[in-house]
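Report on the structure given below.
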Amino acid sequence: MAPTRLTSVDEIPENGSYLFTVRESHGSKEEVILVKQPDCVEAWKNFCQHETDQRLDRGMGVAMREGEIICPKHGSMFDACSGDCDNGKAEGLSLVPVDISVNRGVVYLTDDACEFLHEGGIDADDDMPGSSSHLQF
Ligand code: FES
């Protein structure tokens, strides 16, 4: 699969994240966050390892302090560059990486298991299981 241009490094917030949605090879949609620090640009699947239904970026960018992504639920902090957590309820766990590359200040999605769909999170009308749970049968 050809690399897909995601955004420029300059457009990734210093203390936040650039959120986008991919389709995984098995067909389901997944949110991914791009983060940057002075020494890295990384992409992680947008969920905590303590409770995997907990999003790290809930649409306003991740909370970040001193290079660590803060889980909004229980406050575990993940190293933005390594994805590792050494504290709190997610201690010993690591975020799930998504392959990207950076070339001349532009970030490309290079993960063979992920097809870029759109910027932002999974839309309310995306065809995720449960997305139509407001319908009553
Ligand atoms: S859900 Fe993230 S630390 Fe508990």
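Atoms within each ligand, like the ligands themselves, are counted from 1 in listed order.
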Problem - Interfacing atoms of ligand 1 (cut-off 4.0 Å, heavy-atom, C48) - result: 1 (S), 2 (Fe), 3 (S)

Practice task
For S76, take its heavy atoms, then give the atoms of ligand 1 lying under 4.0 Å from any of them.
Solution key: 3 (S)

Problem - Under 3.5 Å side-chain donor-acceptor pair for T110 and D99 - result: no

Practice task
Answer side chain, backbone, both or neither: which part of K73 comes under 4.0 Å from ligand 1, heavy atoms only.
Solution key: side chain

Practice task
Could you please spell out the steps behind the salt bridge (charged side-chain N to carboxylate O under 4.0 Å, His left out) verdict for K29 and E24?
Solution key: CA-CA 6 Å; K29 294 183 180 182; E24 298 184 300; over 6 Å; no

Fill in the blank from the handout: Taking atom 4 (Fe) of ligand 1 as the apex, H74 ND1 and H50 ND1 span an angle, rounded to 10°, of 90°

Problem - E11 side-chain N/O to S8 backbone N/O, donor-acceptor pair under 3.5 Å - result: yes

Exercise for the section: Identify the two heavy atoms, one from V35 and one from G16, that lie closest to each other, and give their separation to 0.1 Å. Expected result: CG1-O, 3.7 Å

